[in-house]
Amino acid sequence: MTTQVPTRPPLEIKTWIWRGHQIKYTVKGTGQPMVLIHGFGACIGHWRKNIPELAEAGYQVWSLDLLGFGDSDMPAIDYTLEVWQDLFKDFWEEFIQEPAVWVGNSIGGLLVLMMLADHPHMGTSGVLLNSAGSMNIRREEAILPLRIVMGPMRMMMRSKLFGPFFFNQVRGKRAIRNSLSQIYGNKEAITDELVDMLHNPSCREEACQVFLSVLTGPPGPRPTELLPRIKQPLLLLWGEDDPWAALRTAKVYRDLSEDPNAEPKVTFEIIAKTGHCPHDERPDVINPMIINWLKNLQAA
């Protein structure tokens, strides 16, 4: 049985032209800026349960559909974390222009680390929700059987026959619902609204090449390379039942949180009975945790 969420007022979606491409974004509220970065295959709507509450708490909340996802353009380019980092840098310079709180889920969390490390004047703090360690699986970090086949698999993904065939197997509504059932600890959060939100962009003709580019592209910088360059405080919120970014992968953050002299200063919290997307699975828990953590920072 599918649980439906209460109807919410729709977010106002605007368009920004970046390097000739249409980027969809939303902004709500006034106060200190806060930028929300979604994960792989998601979109602005994945923050629909968070944006109103965070804006109500006194923040000017911005969120974008990453280039290649949601309703933003899907050009035929090589997609990398650095492309999206440039997107956020230019967006900040055009619209925000003051230090922001950066919040990210999955690969969005890795992008938060990149922004804070490479552009420290743009951020006061970061919130990471089950942050990814890379854009895709690193060959050297995969288990041995997977490591052996990763090279041939990536070649197959780039082929004109197998790549689209594989994409069509994973983009259907049933496949999306099955994937969500694996990564969401809170099954009640898996609604028709959520499935449609993730499925609809995949129906666009250009979506396949974006998917395959991300899947076969460079993994990006490691968190352990970025963290030593970050001075801003970090809040790590981790769903304990996540099979993708398993709790064991968060050891570097947990170790920092247990060292009172460590820099950056890290607060680490485990979210029970929750998977890869805590903000969408348990917004009633996550929104107050973010708001209270930021209030404590301001009071310190």
Side-chain angles (χ1 to χ4, degrees), residues 18-19 23 35-42 63-69 77-93 99-143 146-147 150-151 154 157 210-238 242 244-257 259 262-268 276-277:
W18 180 69
R19 298 183 180 178
I23 302 296
V35 184
L36 310 182
I37 309 179
H38 67 74
F40 175 67
S63 186
L64 285 67
D65 280 346
L66 293 178
L67 184 72
F69 293 112
I77 64 170
D78 291 330
Y79 286 85
T80 65
L81 287 164
E82 287 75 16
V83 166
W84 292 323
Q85 183 182 32
D86 287 347
L87 168 71
F88 280 104
K89 174 180 175 294
D90 293 348
F91 186 86
W92 183 92
E93 289 177 344
V101 180
W102 293 84
V103 182
N105 170 233
S106 192
I107 59 170
L110 187 53
L111 280 164
V112 167
L113 293 181
M114 292 171 67
M115 295 302 300
L116 295 178
D118 295 335
H119 308 291
H121 65 289
M122 295 185 181
T124 60
S125 55
V127 179
L128 281 63
L129 301 142
N130 286 64
S131 184
S134 57
M135 187 170 77
N136 47 46
I137 300 174
R138 299 181 191 277
R139 186 175 184 276
E140 65 273 19
E141 294 176 356
I143 59 175
L146 181 58
R147 199 181 312 159
M150 279 184 68
R154 283 183 171 166
M157 290 290 185
V210 176
F211 174 82
L212 297 175
S213 176
V214 172
L215 215 59
T216 61
R222 300 173 186 271
T224 51
E225 298 167 355
L226 298 168
L227 285 165
R229 297 193 285 120
I230 293 174
K231 308 301 180 185
Q232 304 93 326
L234 299 175
L235 172 64
L236 273 292
L237 301 177
W238 216 277
D242 185 357
W244 284 2
L247 196 53
R248 57 179 171 76
T249 66
K251 184 177 185 303
V252 61
Y253 305 111
R254 298 183 77 172
D255 289 347
L256 285 170
S257 72
D259 182 356
E263 194 172 81
K265 182 175 176 56
V266 172
T267 301
F268 189 92
H276 190 61
C277 306

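What you see is a predicted model, and the numbers here were worked out from it, not measured in a lab. Here, residue 1 is the first one in the sequence, and each next residue gets the next number. Basis for what follows: all heavy atoms, side chains included, without hydrogens, waters or symmetry-related copies.
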For [X] against [Y], the heavy-atom pair lying closest together:
X	Y	value
G39	S106	CA-CB, 4.1 Å
A132	P223	O-CG, 4.3 Å
L64	I23	CD2-CG2, 3.9 Å

[X] vs [Y] side-chain heavy atoms within contact, under 4.5 Å:
X	Y	answer
L81	P221	yes
F88	L66	yes
T80	Q85	no
T124	V101	yes
L227	P264	yes
L67	Y79	yes

Geometric class of the H121/W92 ring pair [parallel <30°, tilted 30-60°, perpendicular >60°]: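 Taking H121 first and then W92, their aromatic rings stand perpendicular (interplane angle over 60°).
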
Ring geometry between W84 and F69 (parallel below 30°, tilted from 30 to 60°, perpendicular above 60°):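 Ring orientation, 0 to 90° scale: tilted.
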
Criterion side chain to side chain contact (heavy atoms under 4.5 Å, CB included) on F91 and W18, from CA distance to verdict: CA-CA 8 Å; F91 186 86; W18 180 69; over 6 Å; no

Judged by atom type as modelled, is there a donor-acceptor pair below 3.5 Å linking the side chain of [X] to the main-chain atoms of [Y]?
X	Y	answer
N105	L129	yes
S125	Q232	no
S257	R254	yes
W102	M122	yes
W244	N130	no

Over 12 foreign heavy atoms within 6.0 Å of CG, D259: yes

Atom pair [atom1]/[atom2] of [X] and [Y] - distance to nearest 0.5 Å:
X	Y	atom1	atom2	answer
S131	H276	OG	NE2	9.0 Å
E82	M135	CD	CE	8.5 Å
I230	D118	CD1	CG	9.0 Å

Residue pair L215, F211: steps toward the side chain to side chain contact (heavy atoms under 4.5 Å, CB included) verdict: CA-CA 6 Å; L215 215 59; F211 174 82; 3.8 Å; yes

S63 and H38: side chain donor to acceptor below 3.5 Å: no

SB check D86 R19 (cutoff 4.0 Å): yes

Derivation of the side chain to side chain contact (heavy atoms under 4.5 Å, CB included) call for L234 and L116: CA-CA 10 Å; L234 299 175; L116 295 178; 3.6 Å; yes

